[in-house]
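The next block holds one structure in the form of structure tokens; read it before the comments.
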Amino acid sequence: MCLYILHIAPVLFWLFNAGHSLGDLDGIPIAVKDNFSTSGIETTCASNMLKGCVPPYNATVVQKLLDQGAILMGKTNLDEFAMGSGSTDGVFGPVKNPWSYSKQYREKRKQKPHGEKEDSNWLITGGSSGGSAAAVAAFTCFAALGSDTGGSTRNPAAHCGVVGFKPSYGLVSRHGLIPLVNSMDVPGILTRCVDDAALVLGVLAGHDPKDSTTVQDPVKPFTLPTLTDVSKLCIGIPKEYLAPELSSEVRSFWSKAADLFESEGAKVIEVSLPHTSYSIVCYHVLCTSEVASNMARFDGLEYGHRCDIDVSTEAMYAATRREGFNDVVRGRILSGNFFLLKENYENYFIKAQKVRRLIANDFVNVFNSGVDVLLTPTTLSEAVPYLEFIKEDNRTRSAQDDIFTQAVNMAGLPAVSVPVALSNQGLPIGLQFIGRAFRDQQLLTIAKWFEKQVQFPVIQLQELMDDCSSVFEIEKLGSVSLKQ
Amino acid sequence: MAAPMLRWCCLGRRWVLACVDSGSRHGRGAAIGFTSSRKRGQSSVAQQPLITAQKSRKGEHKWAAVVGLEIHAQISSNSKLFSGSQVRFAAPPNSLVSFFDASLPGTLPVLNRRCVEAAVMTGLALSCRINKKSLFDRKHYFYADLPAGYQITQQRLPIAVNGSLAYSVCAGKKPSQVISKTVRIKQIQLEQDSGKSLHDELRSQTLIDLNRAGVGLLEVVLEPDMSCGEEAATAVRELQLILQALGTSRANMAEGQLRVDANISVHHPGEPLGVRTEVKNLNSARFLAKAIDSEIERQIHELENGREILNETRSFDYKLGCTMPMRDKEGKQDYRFMPEPNLPPLLLYDTASLPPGADPQQVINIDWIRERLPDLPSETREKLIQQYGMLPEHSFALLNEVGLLEFFQNVIKETRAEPKKVTSWVLNIFLGFLKQQNLAVNESPVTPTALAELLNLLDRKAISSSAAKQVFEELWRSKGKTPSQIVSEKQLELMQDEEALERVCHTVMEGHPQVVMDMKRGNSRAINKLIGLVRKATLSRADPTVIKEILEKKLSS
């Protein structure tokens with residue numbers, strides 16, 4: 001088991017030694033994305049609308065972690081209401097990628113002739129669970145909860161060089177996760193290795209009487225077996241995922257990964273998911289429609305932000321919602337309400353639902369043909385600098401960045417992004433495995449084998465730590481071994 | 001559809017959540033708009049003749065009215081439809097509100113099994129087809145007492161469809177002329193109730209009470225098969241009795257557990273239906289028929305004067321006795337329906353389709369609910385008619401008052417008196433006393449046992465029927481006394497001693513020679529006068545038939 005202990009070590013050791021072991025995660029520091037309800041702790045969704053709001057209850061997943069003895073280090077930043085792919089559009093500002101300050105990245109940059117100002121060139125984390133990915137990548141916690149609606153856990157995991165796991169829809173309770181798209185949201189798990197993700201999944205998975213969409217069958221905690229032989233596996237490579245925008249580097253790592261499986265005796269075949277190209281536009285209709293509905297409760301009456309205008313109830317609603325939500329959220333609410341109008345419902349929402357079924361069936365067909373897992377890129381390229389990222393608007397970015405991750409949510413399948421290697425720029429690149437519904441353990445077992453083969457390098461934050469050595473008198477983070 | 005009642009707030013209104021601890025101030029405020037609960041309104045279904053519908057003018061076609069109803073019945077359950085909060089009437093404001101009811105972000109609905117069973121049971125009682133798969137939808141509108149901004153309902157695929165409701169209306173002058181009618185039931189759907197907005201005009205505030213928010217409702221949609229207020233009111237009354245018999249809803253209109261919206265239009269028979277209006281919130285049985293009839297009359301009046309009927313929402317002003325347009329600011333609402341993503345399809349089973357090894361706690365078996373169905377009001381009435389030879393209208397009357405049938409059956413159990421006698425006493429005298437004092441059956445000072453004993457005394461001719469009424473009055477006034485005690489205290493026993501009675505008759509005849517003469521001349525009415533005089537002399541303790549026999553015997557001798 002992995003253990004990382006920070007300042008609270010003395011307290012934890014005291015508890016540990018006193019024999020007060022609470023469970024598998026006793027004393028383990030964790031972080032939680034700020035769209036999970038935490039009792040007595042502000043839960044904001046990085047929105048003005050919920051700034052200062054302190055929920056009276058814990059999300060089921062948070063409660064389960066705490067019950068196992070985990071220590072909540074903090075709530076992590078995100079795009080407002082998890083709408084975004086950069087973790088740049090929250091009311092508290094953007095999340096910075098720890099790799100911006102890594103030895104690996106800085107050394108590569110120094111080689112470049114034109115010396116830009118380093119500080120202004122920090123990288124985005126991807127999103128929307130960028131805060132959680134950064135927290136895990138920067139060793140501030142052992143595991144973090146993200147949420148994944150269209151790739152929001154896997155995308156930042158890939159950019160931050162950590163494991164990002166999206167469980168099957170219905171395996172993990174959504175109770176207390178402030179929804180983006182109820183029919184696609186899944187709590188995500190971010191860790192530094194696949195084993196850790198499996199450990200956390202074991203704690204979180206199973207029926208929750210408070211979430212009617214969770215599986216009825218009990219799920220027992222498990223440890224992942226160590227695969228030694230992949231020769232019986234069939235790995236599918238979806239040809240539609242060879243997008244023209246895919247960077248040549250990611251493409252080459254993807255192809256190397258496929259070769260690796262093949263060289264170890266696995267069957268690697270090209271498969272087709274013919275409706276993939278409709279996924280983004282379909283997602284746009286379904287997502288905005290549910291957003292319009294889910295956001296209707298934020299009216300300034302029961303909780304959250306309320307404007308000062310009291311001319312009429314309607315004026316109060318309007319001003320509250322304009323002040324409370326950013327442009328991205330308001331834009332999605334507007335489109336969603338348009339799609340749900342009586343005259344549009346058939347042409348948009350119903351059609352999108354049908355397309356969703358086709359996309360889900362694509363996966364069913366592929367898996368029925370004997371494929372065990374699909375291997376795809378997670379993102380188009382490595383993380384880009386913030387200044388680069390914000391040249392495009394949120395909607396364009398989300399549409400581009402979600403293309404490899406988003407169809408999985410339509411189908412409710414489990415998927416995991418595993419860091420593979422560093423790019424020429426010294427930045428992490430991740431690849432994604434997609435498994436059959438509720439075969440999460442099989443998926444993670446394969447991911448674990450792969451992780452072992454690629455030996456992704458540990459982030460080296462030595463320089464940063466040296467800079468801050470007067471502040472942090474702690475051991476050198478870069479040298480911490482994650483595995484015992 | 002439970003379209004919201006839209007009221008738009010005045011300038012400067014502020015929203016405040018009514019606090020639990022200010023319950024004393026607002027506690028009764030929750031009853032704003034209710035008719036007094038002391039009025040037993042539900043028993044007095046308006047018995048108006050069918051004037052409006054058939055009203056015709058010279059040289060013109062007859063008008064026919066078409067009335068359909070949407071009835072919301074609060075499900076009688078311990079907890080709400082999708083949360084564990086309790087359901088209780090008149091609890092302190094906001095004391096029965098879960099995180100879900102207040103729509104805290106991240107909370108999810110969990111369907112209440114009891115509410116589903118109530119819907120299935122009601123569907124079966126109304127001969128509906130129960131859908132083995134039904135779906136939940138969100139219906140969106142902004143209103144302060146709808147915290148989520150949407151109501152969870154069953155728009156696309158409701159739990160029960162295609163049923164019927166039989167009811168009987170009186171025709172003509174005789175109450176015994178009963179006509180059976182049927183109204184088709186389009187569907188029964190499960191949905192959430194909203195909270196309540198309490199408008200404080202004085203402080204220009206609106207207070208929100210979420211106790212009712214999320215309580216389970218059965219929306220029963222009746223097809224437009226009715227043609228006047230009385231039919232609608234009678235159908236609603238029958239539905240109310242059925243719900244109460246099933247125990248699926250307390251269906252008390254005064255407590256808001258049964259609420260009715262009516263869709264009304266008029267047309268000339270044979271021609272297409274007219275434009276309809278919706279009269280909302282007919283929440284009192286007393287005004288239901290009146291509101292519908294006045295709206296029918298208004299529509300006919302408008303059309304006859306060359307005006308058009310607008311497709312609009314109206315409310316009934318009971319003070320003015322007519323319907324008024326409601327201020328619908330934006331005109332038509334678009335409810336932007338969409339599937340509720342947090343609830344999987346609701347699956348029901350019957351014995352044939354029950355998956356083997358299914359956990360009985362997890363599944364609902366329609367056949368099992370069917371077996372547990374109690375007698376419906378129509379069956380109970382039929383049994384009364386068969387068992388006691390009762391007139392149909394008496395069987396209706398017995399069921400019309402909560403607890404009256406049980407009272408009647410308890411009396412029957414303990415008395416030797418004829419069922420007809422018991423019926424007559426319960427419906428005329430007992431019910432008359434109740435009505436006079438506005439009491440419910442369970443508030444009656446006279447117990448079934450006491451009435452049974454009284455009827456026994458009457459049956460064995462220990463007292464006269466007029467004395468029996470006196471005893472009843474005494475029973476009503478002084479709780480705790482038995483009829484026999486009252487009879488002996490007041491010396492109301494019939495004179496059993498015939499000789500003594502003969503002596504009294506003799507004295508009376510001697511004292512009134514003129515009357516005796518009249519009689520002998522053949523004035524048949526004179527004997528009644530003598531009987532009266534004898535009864536008076538015996539302090540009404542003699543049986544008039546016995547007196548008559550004695551007098552006739554004496555006169556002929």
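All chains are named by letter (A, B, ...) in the order of the sequence lines, taking the proteins before the strands, and each is independently numbered beginning at 1.
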Between A/Y345 and B/R336, do the side chains contain an N or O donor and an N or O acceptor separated by less than 3.5 Å?
-> no
Counting N and O atoms only, with roles assigned by atom type, does the side chain of B/D334 sit under 3.5 Å from a partner on the main chain of A/L341, one being a donor and the other an acceptor?
-> no
d(B/M338 CE, A/I350 CD1) to nearest 0.5 Å is 11.5 Å
Around atom CG of B/N78, are there more than 12 heavy atoms from other residues, nucleotides or ligands closer than 6.0 Å? no
#### Entry: Close side-chain approach of B/T107 and A/R297, heavy atoms under 4.5 Å
yes
**Prompt:** Is there a donor-acceptor pair under 3.5 Å between the side chain of A/Y303 and the backbone N or O of B/S103?
**Reply:** yes
Rounded to the nearest 0.5 Å, the OH atom of B/Y335 sits from the CG atom of A/L340 at a distance of 15.5 Å
Counting heavy-atom pairs under 4.5 angstrom with chain B, the leader among A/N35, A/N294, A/D299 is A/N294
The interface call for A/F339 against chain B, heavy-atom contacts under 4.5 Å, is neither
Ranking A/P179, A/A315, A/C53, A/S293 by heavy-atom pairs under 4.5 Å to chain B gives rank one to A/S293
Bottom line for B/E340: the part with an atom under 4.5 Å from chain A's heavy atoms is neither
Under 3.5 Å, which donor-acceptor pairs link side chains of residues 206-217 of chain A to any protein atom two or more places apart or in another chain?
residue: A/H207; atom: ND1; partner: A/T214; partner atom: OG1; Å: 3.3
residue: A/H207; atom: ND1; partner: A/V215; partner atom: O; Å: 3.1
residue: A/D208; atom: OD1; partner: A/K210; partner atom: N; Å: 3.0
residue: A/D208; atom: OD2; partner: A/T60; partner atom: OG1; Å: 2.6
residue: A/D208; atom: OD2; partner: A/S173; partner atom: OG; Å: 2.5
residue: A/D211; atom: OD1; partner: A/T213; partner atom: N; Å: 2.9
residue: A/D211; atom: OD1; partner: A/T213; partner atom: OG1; Å: 2.6
residue: A/D211; atom: OD2; partner: A/R174; partner atom: N; Å: 2.9
residue: A/D211; atom: OD2; partner: A/T213; partner atom: OG1; Å: 3.4
residue: A/S212; atom: OG; partner: B/P109; partner atom: O; Å: 3.2
residue: A/T213; atom: OG1; partner: A/R174; partner atom: NH2; Å: 3.0
residue: A/T214; atom: OG1; partner: A/D208; partner atom: N; Å: 3.0
residue: A/T214; atom: OG1; partner: A/D208; partner atom: O; Å: 3.3
residue: A/T214; atom: OG1; partner: A/D211; partner atom: O; Å: 2.7

Whatever's closer than 4.5 Å to a heavy atom in chain A on B/N342 counts as both
Hits for ring pair (Phe, Tyr, Trp, His ring centres under 6.0 Å) against B/F99, two or more places apart or cross-chain, chain-then-number order -> A/Y57
From the list A/S37, A/P55, A/S289, A/P56, the residue making the most non-hydrogen contacts under 4.5 Å with chain B is A/P56
Whatever's closer than 4.5 Å to a heavy atom in chain B on A/E290 counts as both
d(A/Y317 OH, B/Y143 OH) to nearest 0.5 Å is 8.0 Å
